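Just below is one structure, and these are the notes that go with it.
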Amino acid sequence: DTAALQTAIARGAALHGLTLELFGHGLVQPVCYERICLRTESGMVELVPRGAELPFPGGASYKHLHDIAVPATSLTGDLELKVEIVAGDDNRCLYRTVWRISAPVNKGDPLCIRYRYDESQMLDLCLMVEDSDECFTDCIENHLTHVVNPRKALVRALEIEEKLLCPDLAGDEAANLMLELGDQYAELGQKEKAISVLKKALNTNGGPDEFILNQLGTCCRDIGDFGRAEKFYREAMRASAWTGPAFNLALMQRRNGQHTEALETMDGVLRHKDEGPYFVLRAQLAADTGNRGDHAKYLASAFRTFGPLEKLSDWALGWYLTGAEEAQDADKIEAAKAEQKRRREKKEPDVCPGAVLPVFRKGMQLKMQFS
């Protein structure tokens, strides 16, 4: 129960503090959640690999890399070198600034990177022009680390439970907290607990709420209670003109092989609202029932409705791709996948115009040393 869980967490925190005091390290080893790299003109130079134990490289030592160089020659003015730190497989930008290297500096002059990443998530970074006094230093703080099995949803659930104990909590605020608590329980796979707290949210709200009812329907669907799921979806449909619960109901009916019921539900939805994803689902139902004419007709309606890919939500873009696959349209499939990839790899705006990235030293072997 909640009290036993909180006691276990408190006991763990006490043991963690004890081992820190006695041995200088805690019970749980912090690690780097995503790889950290320095961007160069030629690609990424990995500084800290994903999963590396912290501090990295270990103790109070620093790591040195010698495989990058100055990208251009400047004999009179400062050379603006872009220093950009990225993280993860999508190379998400964490830090960007400009290092102004005093002239004269020559293309190919070797650069050294000296750095360490400590257990407090601080990247201590130093770039140096070898055999000169030119250097750049900074200490970069980014919350990239995590501990093994962090159970973030569980922690958030406990926080919300604590807030709900406040006697002065307003009814609408309590209902919103319960709705969020239901989401956390659902994320943890505790669907029955999610259903229980969502029902309390519904009672606290003082009347039918389409969002709470829709979430109740989804939780019941996930545990295979399709009868209750349909009941909650239909209550949500009656509570407002929002078509989301009806779409979810039709989707569940299709997955359960209730094609006649799903067709009736979707036709009702399309009488009130025409959206690309709705037409795609209707086209799938037409194909399920062998109506190829309606399949093509509804796919054509879908693509007329979707609009530009870059303006679609991620959810709508996923349905666009589903529709493109239904239509076996290679160009649309390629365009949708390219847009999804672009969003995954979306880069921060360049705030360093005119600055240049360092380059790999040609013909040089990667050298590493520790101090």
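Remember, it's a predicted structure, so these values are computed and weren't measured experimentally.
- Between the T73 side chain and the K107 main chain, a donor and an acceptor come within less than 3.5 Å of each other.
- The side-chain contact (heavy atoms from CB on, under 4.5 Å) with R254 is formed by just one residue from the set L249, D288, L263, T265; it is D288.
- A heavy-atom distance below 4.5 Å is found between the side chains of I9 and L158.
- One finds no salt bridge joining E173 and K163 here, because no Lys/Arg side-chain nitrogen approaches an Asp/Glu carboxylate oxygen to under 4.0 Å.
- Residue I101 is grouped with residue F136 when hydrophobic side chains (ILVMFWY) are merged at heavy-atom distances under 4.5 angstrom, including chains of intermediate members.
- Atom-to-atom distance recorded for L65:CG and L47:CG is 6.5 Å, nearest 0.5 angstrom.
- The shortest heavy-atom contact between Q340 and L317 is CG-CD2, 3.5 Å.
- Of all the heavy atoms in G323 and L299, the pair that sits closest is O-CD2, 3.8 Å.
- Rounded to the nearest 0.5 angstrom, I160 CD1 and L165 CG are separated by 12.5 Å.
- Counting non-hydrogen atoms of neighbouring residues, nucleotides and ligands closer than 6.0 angstrom, the CD atom of E334 reaches no more than 12 such neighbours.
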Residues L79, V356; criterion side-chain contact (heavy atoms from CB on, under 4.5 Å); working and verdict: CA-CA 8 Å; L79 175 70; V356 290; 4.2 Å; yes
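- Hydrophobic clustering places M178 together with L169 (ILVMFWY residues linked when any side-chain heavy atoms are closer than 4.5 Å, directly or through intermediates).
- Counting only distance, with no hydrogens or angles, the side chain of Y320 and the backbone of F306 share no donor-acceptor pair below 3.5 Å.
- Both tests pass for K332 against the ring of F303: distance under 6.0 Å to the centre and angle within 45° of the axis.
- A donor and an acceptor atom, one from each side chain of Y185 and S196, are nowhere located under 3.5 Å apart.
- Residues I68 and L38 form a side-chain contact, since some pair of their non-hydrogen atoms from C-beta on lies under 4.5 Å apart.
- Contact check on E34 versus R50 returns no salt bridge, with no Lys/Arg side-chain nitrogen under 4.0 Å from an Asp/Glu carboxylate oxygen.
- Residues M128 and I140 do not share a hydrophobic cluster, defined by chaining ILVMFWY side chains whose heavy atoms lie under 4.5 Å apart.
- Taking CD of E192 as the start and CD1 of I223 as the end, the distance is 4.0 Å to the nearest 0.5 Å.
- In this structure, the side chains of T19 and L15 stay at 4.5 Å or more apart for every pair of heavy atoms.
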Go through the steps for Y117 and C32 under the test side-chain contact (heavy atoms from CB on, under 4.5 Å), then give the verdict.
-> CA-CA 9 Å; Y117 193 45; C32 185; 4.0 Å; yes
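- Rounded to the nearest 0.5 Å, atoms CD (Q258) and CD (E264) are 11.5 Å apart.
- Within 6.0 Å of the CZ atom in R228, the count of heavy atoms belonging to other residues, nucleotides or ligands exceeds 12.
- No more than 12 heavy atoms of other residues, nucleotides or ligands lie within 6.0 Å of CD in E21, so this atom counts as exposed by the packing criterion.
- With contacts defined as side-chain heavy-atom distances shorter than 4.5 Å, the pair Y278/T243 qualifies.
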Residues L111, L81; criterion side-chain contact (heavy atoms from CB on, under 4.5 Å); working and verdict
CA-CA 11 Å; L111 296 172; L81 189 75; 4.0 Å; yes
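- One hydrophobic cluster, built from ILVMFWY side chains closer than 4.5 Å, holds both L251 and L270.
- Other residues, nucleotides and ligands place more than 12 heavy atoms under 6.0 Å from the CD atom of E159.
- Of all non-hydrogen atoms in S313 and R343, the two that sit nearest each other are C-NH1, 3.5 Å.
- Using a 4.5 Å heavy-atom cutoff, the side chains of F232 and T218 are not in contact.
- Rounding to the nearest 0.5 Å places CZ of F247 at 11.5 Å from CG of N214.
- Under the 30°/60° scheme for interplanar angles, the aromatic rings of F211 and W242 are found to be tilted.
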- Query: Yes or no on salt bridge (Lys or Arg N to Asp or Glu O under 4.0 Å) for E310 and R342, after CA distance, side-chain angles and deciding distance?
  - Reply: CA-CA 10 Å; E310 63 274 12; R342 184 191 69 80; over 6 Å; no
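- Across every non-hydrogen atom of C135 and C126, the tightest pair is CB-SG, 4.5 Å.
- Criterion: ILVMFWY side-chain heavy atoms under 4.5 Å apart, direct or through other members. Under it, V105 and V359 are not part of a common hydrophobic cluster.
- Contact record, Y233 with M252: CE1-SD, 4.3 Å, taken as the closest heavy-atom pair.
- A distance of 5.0 Å separates CE in M266 from CG in L281, rounded to the nearest 0.5 Å.
- The side-chain heavy atoms of N256 and E261, taken from C-beta on, include no pair separated by under 4.5 Å.
- The shortest side-chain heavy-atom distance between V98 and V83 does not fall under the 4.5 Å cut-off.
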ask   = Would R221 and F226 count as a side-chain contact (heavy atoms from CB on, under 4.5 Å) if you check the C-alpha gap in whole Å, the side-chain angles of each, and the deciding distance to 0.1 Å?
value = CA-CA 5 Å; R221 180 202 66 194; F226 302 120; 4.2 Å; yes
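- With a 4.5 Å cut-off on side-chain heavy atoms, W319 and L312 do not count as touching.
- Looking at every heavy atom in both residues, A287 comes nearest to H295 through CB-CD2, 3.4 Å.
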